[in-house]
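These figures come from a predicted structure and were not determined experimentally. Along the sequence shown, residues carry numbers from 1.
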Amino acid sequence: MVSEGAAGRGTATPRAEIALRAIMEDRSAPERLHRVLEQALVFAGATFAAVYTPDESGDLLCLVDAAGVPRTVYGLRDSYPRTGHSAVADAHRGRRPVWVSPAELAARAESRRTPSPRFHLAALPARPHTVGACLLAVSEDEHGFGPDQRKSLELIADTVSCPAPPGRAEGGELPPNAFTLAMDSGRAQVGDEILRLFGLTRDDFDGRVETLLGLTVPEDLPSLMSVVEADHMSVGERELEFRVLRPAGPPRWLRLRGRLLPGGEGQPALLAGTVVDAAGLRSDVTDVARVQRLAAALATAGTVRDVGQAVVTALRRPLRADRIALAELEHDRLVVTVLDPPAPEDWPEVWRTEWRTEWPDAPVRAMPTLGAALREGRAQIWPAGTPLEPALAEVGPGGLAVLPLPAAGRMAGVCLIGWDSPHDFGPDERALLTAAAGLAGQALMRARAFDAEHELVGMLQRQLLPRRLPALPGAVAVARYLPATAGLELGGDWYDVIPLPDHHVALVIGDVQGHSAAAATLMGQMRTALRAYAVEGHPPDVVVSHANRLLVDMETDLFATCAYVDVDMEEGTAWCVRAGHLPPVLRQPDGSTGAVEAEGGPPLGVVAQADFPMTPLRLRPGALLALTTDGLVESADADIDQGVDDLARRLAGSDPAHLGLVADALLTGARRSDDIALLLMRYDGMAVRPRRESWTVWRVPEAVRHARRFTNRTLRAWGIARHADAVLLIVSELVTNALFHTDGPVRLDLTLVGGRMRVAVADNSPRTPVKPTSIGWEATGGRGLLLVEAMSASWGTVPVSGGKQVWSEIVLEP
């Protein structure tokens with residue numbers, strides 16, 4: 001995983017110098033070290049960077065700060081013996097850089113902590129050496145750190161400085177606004193200014209953190225506890241604002257910034273930081289009102305999407321931001337809940353390439369800087385020009401704010417706010433963002449609990465639906481499914497897209513009566529049955545008729561509706577069959593839209609001997625076909641015909657170029673009292689139309705020779721006679737097998753498309769030809785399929801209308 005900064009090897013070192021110089025000009029020491037480490041991710045292509053310093057005894061080298069992916073991925077420890085043989089210890093003692101390859105790492109004892117040490121390790125002593133710190137970096141690039149990347153690491157090591165944390169310095173003196181907290185005992189040391197802010201004197205304070213927490217506003221206590229509880233902390237910086245009660249007047253706003261420092265062997269972990277008066281930094285009453293309005297909106301937000309919309313409404317316009325994304329954190333992926341604006345082209349390329357059918361998401365490992373911000377759990381703000389990986393830099397080229405959303409001691413998600421033009425971040429804005437992040441995190445956790453039962457429904461339903469739609473020749477299809485939000489009920493809505501031979505595609509949508517486990521089970525059975533009948537090669541009315549008889553024979557009390565459309569991608573024609581279902585809606589390229597006037601049959605499972613008439617359709621390039629279930633168009637306020645007309649009106653005003661956005665727009669505002677399935681297909685027409693010829697093979701003594709002569713004439717007409725030898729051999733073997741092993745008619749089909757020649761021989765026997773496993777030298781037959789396999793790029797057999805078709809494809813050399 002190499003960042004964009006590391007990719008430009010010729011410019012990485014000068015850019016690193018500029019970035020480090022800018023960081024060192026900032027006098028904020030606790031944050032400065034971490035920002036220095038982040039430069040190793042950007043300019044040296046590292047996936048992990050950390051600083052180790054000697055502990056008080058001098059026997060251990062302890063982890064002070066880290067950036068990048070979790071160290072446990074590489075089996076790295078939070079401390080190493082100073083006299084040991086680790087890379088950190090070797091660099092510290094020898095005062096020289098240590099570069100360890102995967103092969104060398106495998107030979108070291110420390111490699112036993114990771115199952116597959118396929119990474120490069122670098123350890124560099126800080127300069128001046130009196131600091132005693134070492135920089136440790138990891139690269140997953142197979143070539144390790146290149147020359148420019150090594151120079152960048154040396155620059156970063158020269159910049160590392162690790163002053164002793166407050167409370168561990170000589171004499172234990174604390175600055176007035178500094179504090180330390182022992183995580184095992186809860187004993188705290190605080191400066192005089194902090195005591196004044198809490199309204200205490202030195203004699204009043206008993207050294208217990210509970211005394212300070214008792215003076216905070218109760219509403220702010222959960223977020224404050226998430227910082228001071230050791231179980232929820234990791235090495236990294238924390239920041240939040242909270243209120244303390246005063247004898248008179250409104251509560252006072254304070255800002256806490258701290259970092260958890262590992263204690264090493266025999267010593268407790270220590271939370272060290274500062275507390276300052278935030279009254280002069282906080283926003284005025286207008287910003288406070290914004291936070292209050294956000295809190296009110298989040299209090300009524302029932303779903304995760306509602307939470308995202310409330311955050312967008314509260315922040316985007318007041319901050320004049322160009323884009324906002326809210327994402328839930330699921331393992332190592334960000335599942336995006338809300339994107340504003342929603343158009344894919346407004347977001348980075350890596351987000352577009354990871355776009356799913358129903359939810360966009362982005363991998364955290366592709367954005368190590370974002371991953372570091374999530375692990376630290378505090379708001380991060382990067383002004384314009386800050387070197388970031390492309391997935392983040394393109395979100396906010398003029399400035400980027402990343403708000404981790406904490407809740408219940410962990411990260412519930414993240415909110416990204418980006419600006420296109422350079423944006424100045426004031427202290428008031430930062431306070432607003434911090435408050436909004438805390439509120440949104442808590443609301444997100446509540447919404448997750450609310451969504452849990454509905455997500456269970458959706459998960460079970462999606463297991464019965466296609467995981468992804470196939471790529472279609474000459475068309476694009478998208479689908480959406482929304483479970484009902486009323487109760488823990490499984491629905492019976494389904495959709496399917498079935499590729500068929502000869503560039504035919506079947507579009508299917510259906511709905512099983514009721515909401516229950518039985519309805520969902522029957523839905524899965526009907527989808528499987530329709531797909532099986534379609535693949536067998538039956539025409540649309542026969543496919544639906546077979547499914548109807550199957551459902552009747554199952555003797556269930558449930559019935560199902562279905563719409564089945566067989567589309568010929570070459571000709572742009574289609575046949576539609578309805579079984580008690582809504583008619584498809586067709587949008588023509590000129591924008592005229594309406595429901596297809598297709599005669600329908602009864603629902604499946606009602607009448608055993610039912611007719612299902614076929615209605616022809618004509619599709620011109622640019623036409624859009626929509627199939628849906630009644631959950632989208634039926635309501636208590638209007639009849640279903642009015643709902644279909646409204647769907648046609650909305651479809652007429654859509655832009656078929658962005659099919660996914662069309663589907664999302666059609667579902668916007670949909671009533672969720674019933675399941676909704678939606679299937680859209682835009683017909684574009686095939687860029688290259690196949691050339692086809694067929695020959696009926698008569699059972700006469702010269703049948704194979706006639707088939708070969710027909711093939712030869714066809715190849716000459718198509719101008720590919722130079723490939724005749726291979727094609728004729730395959731034709732001879734397939735036709736001979738069909739005549740010898742089957743009865744009834746035999747048909748030979750030749751197809752040429754895109755430099756591939758397809759030979760197919762169909763007969764009325766369902767038995768699949770078996771390729772012999774071994775043939776003796778004395779055998780007089782059985783080599784036909786072996787020859788076909790040797791001459792073909794691919795070959796196989798498919799069922800066709802009670803029989804089968806054996807096919808072979810040959811790649812034609814230019």
Side-chain angles (χ1 to χ4, degrees), residues 1-10 12-13 16 36-52 60-126 133-157 160 235 331-333 350 363-369 371-372 375 389 391:
M1 185 190 312
V2 181
S3 65
E4 182 188 30
R9 295 184 181 273
T13 305
V36 168
L37 285 178
E38 289 175 344
Q39 307 315 303
L41 310 181
V42 177
F43 296 108
T47 55
F48 173 80
V51 170
Y52 288 79
L60 292 175
L61 296 172
C62 297
L63 179 67
V64 174
D65 198 359
V69 303
R71 60 177 174 81
T72 54
V73 173
Y74 307 110
L76 301 176
R77 299 162 53 179
D78 59 2
S79 64
Y80 290 95
R82 192 172 182 180
T83 58
H85 297 290
S86 63
V88 175
D90 292 345
H92 179 79
R93 291 194 309 270
R95 297 187 176 182
R96 59 176 178 79
V98 175
W99 312 96
V100 185
S101 67
E104 296 170 332
L105 184 62
R108 289 175 174 258
E110 56 194 301
S111 68
R112 291 194 294 267
R113 296 174 57 89
T114 177
S116 179
R118 298 177 181 175
F119 54 85
H120 293 256
L121 203 62
L124 299 89
C134 275
L135 171 68
L136 184 68
V138 173
S139 172
E140 292 184 0
D141 190 294
E142 61 178 344
H143 302 297
F145 296 101
D148 282 352
Q149 294 172 327
R150 292 193 177 197
K151 290 181 181 178
S152 296
L153 287 177
E154 291 172 356
L155 288 172
I156 294 168
V160 167
V235 175
H331 305 293
D332 191 40
R333 300 195 73 81
V350 67
V364 175
R365 288 178 66 88
M367 297 173 284
T369 309
R375 284 188 298 278
E389 50 266 33

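Residues Val100 and Val98 form a side-chain contact, since some pair of their non-hydrogen atoms from C-beta on lies under 4.5 Å apart. The side-chain heavy atoms of Pro125 and His92, taken from C-beta on, include no pair separated by under 4.5 Å. Taking the side chain as every heavy atom from C-beta outward, Leu37 and Leu135 approach each other to under 4.5 Å.
Using cut-offs of 30° and 60° on the angle between ring planes, the pair Phe119 and Tyr74 is perpendicular.
In this structure, His120 contributes its side chain and Val138 its backbone to no donor-acceptor pair below 3.5 Å. Side-chain atoms of Glu104 come within 3.5 Å of backbone atoms of Ser101 as a donor-acceptor pair (strictly under, hydrogens ignored). Formation of a donor-acceptor pair under 3.5 Å by the Arg93 side chain with backbone atoms of Arg82 is found in this model. At distances below 3.5 Å, at least one donor-acceptor pair connects side-chain atoms of Gln149 with backbone N or O atoms of Gly146.
Here the closest non-hydrogen pair linking Ala89 and Pro81 is CB-O, 3.5 Å. Nearest heavy-atom pair across Leu41 and Ala49 is CD2-N, 4.3 Å. In terms of heavy-atom proximity, Leu153 sits nearest to Trp99 at CD1-CZ3, 3.9 Å. The two residues Ala91 and Ala123 make their nearest non-hydrogen contact at CB-O, 3.6 Å.
For the atom pair Arg96 CZ and Asp90 CG, the distance stands at 7.0 Å (nearest 0.5 Å). To the nearest 0.5 Å, atoms CG (Leu121) and CZ (Phe145) are separated by 8.0 Å. Note that CG of Leu155 is 11.0 Å distant from CD of Gln39, once rounded to the nearest 0.5 Å. Separation of atoms CG (Leu136) and CG (Leu63) is listed at 9.0 Å; rounding is to 0.5 Å. Between the SG atom in Cys134 and the OH atom in Tyr80 there is a gap of 12.0 Å [rounded to 0.5 Å].
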